[in-house]
Amino acid sequence: MAAQLPETDVIIFYDIPSVFPGKAWSPNTWKTRYLLNLKGLPYRTQWVEYPDIVGLYKSFGLPPAQPGEVMAYTLPMIYDPRTKRAIADSIKIAAYLDDEYPKTPAVSPKELRAFQATFDQAFMGTLVPAIAPLFLPRQLPFLQPASQPHWRRTRELMLGCDKLEDVCPSEKYPMQWAEIERAMGVVAKWLDSVGDGRITYLGGDAEAGPRFTHSDLTIAGFVLWMRIVTGRESEEWRNVEGWHGGRWKKLLDLLEPYYDYSR
Ligand SMILES: N[C@@H](CCC(=O)N[C@@H](CS)C(=O)NCC(=O)O)C(=O)O
């Protein structure tokens, strides 16, 4: 797939489409979508199906985002026509945009970068084993047909199962939700260790508003995914809203001004 170079200074944001309204759904790409909205940078989305991600990397001469056969080539990615650079991986994109656009709100100041890399690993290690069995199968029918075989093959490998649909039948939902709640409780404790009721890592105040870091956007991406898959009006989502003093709903509420998927 040939990379499309734009004539103007509009950043191209590569995202994976779904059949949900507005198409955007991925917890990983939402980190960058939130960020572009937060920074107020001009961008437009280019939708890429899973089987086409590898070709996109090759068209820019980018190495795989991570080693291994599964999930080596991942989105989000951006192409910045001003610097003629393509950057993949949300944590690198956050650092790049902070460095290149210093007048926009920073989410990855240099003194936080090592912490954020550590957080990413701790967060994924805590949440993924809990969320994957329930949400990977449920995402499948909401992907476009072009991406479904890739999702099935890679996620069945990831979960070590013969058939994605057999991993978590509905009678197991309550048990798996309890696992997710427990995992998010671990994350809540990290934030609660400050003892001032903060919703984001750097807190914020009434005057300046909340301060967001890449870590907050990472948590928000996954909470948002739960809301998108279950549905805003669902009983499942209502339950999540009540977890841990309502902090996950509060986080999405703080980010509501940046919940824009129109571009
Ligand atoms: N740490 C990475 C994770 C990116 C990631 O896992 N992206 C998924 C989208 S949800 C992907 O592109 N997977 C490629 C595949 O499944 O082949 C980031 O935040 O950029």
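Only a predicted model underlies this, so the values are computations on that prediction, with no experimental measurement involved. Indexing begins at 1, ligand by ligand and atom by atom, following the structure's order.
The residues E179 and R182 are annotated as salt-bridged, a charged nitrogen and a carboxylate oxygen being separated by less than 4.0 angstrom. We find that R82 and E100 are joined by a salt bridge, their nearest charged nitrogen and carboxylate oxygen being less than 4.0 Å apart. Using a 4.0 Å cut-off between a side-chain N of Lys or Arg and a carboxylate O of Asp or Glu, R85 and D99 do not qualify as a salt bridge.
Residue-ligand proximity, I16 to ligand 1, at heavy-atom distances under 4.0 Å covers atoms 9 (C), 12 (O). Of all the atoms in ligand 1, the ones that sit under 4.0 Å from a non-hydrogen atom of T74 are 4 (C), 5 (C), 6 (O), 7 (N), 11 (C), 12 (O), 13 (N), 14 (C). Atoms of ligand 1 found under 4.0 Å from any heavy atom of P76, numbered from 1 in the order shown, are 20 (O). If you number the atoms of ligand 1 from 1 as listed, the ones under 4.0 Å from a heavy atom of H150 come out as 15 (C), 16 (O), 17 (O). Within ligand 1, counting atoms from 1 as listed, the ones closer than 4.0 Å to a heavy atom of M71 are 6 (O), 13 (N), 14 (C), 15 (C), 16 (O).
Protein heavy atom in closest approach to atom 20 (O) of ligand 1: S90 N, 2.8 Å. Atom 1 (N) of ligand 1 has as its closest protein heavy atom D89 OD1, 3.5 Å. When hydrogens are left out, the protein atom nearest atom 7 (N) of ligand 1 is L75 O, 2.8 Å; that is the closest non-hydrogen contact. With respect to atom 16 (O) of ligand 1, the closest heavy atom belonging to the protein is R155 NH1, 2.6 Å. Closest to atom 5 (C) of ligand 1, if we only count protein heavy atoms, is N28 ND2, 3.4 Å.
Taking the six-membered ring where the residue is Trp, W177 and F135 present perpendicular rings, their angle passing 60° and hence far from 30°. Ring planes of Y50 and W25: tilted class, angle from 30 to 60°. By the 30° and 60° cut-offs, the orientation of the rings of F119 relative to F115 is tilted.
A centroid separation of 6.0 Å or more is found between the aromatic rings of F13 and W30.
Taking distance alone, with nitrogen or oxygen atoms compared against 3.5 Å, K31 approaches ligand 1 more closely than that limit.
At least one side-chain heavy atom of R155 sits less than 4.5 Å from a side-chain heavy atom of M71.
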*Show the numbers, then the answer: is there a side chain to side chain contact (heavy atoms under 4.5 Å, CB included) between N37 and R263?*
CA-CA 10 Å; N37 292 334; R263 288 177 278 168; 3.1 Å; yes
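Heavy-atom separations between Y73 and ligand 1 include at least one value shorter than 4.0 Å.
When heavy-atom distances to ligand 1 are checked against a 4.0 Å cut-off, Y50 comes that close only through its side chain, counted from C-beta outward.
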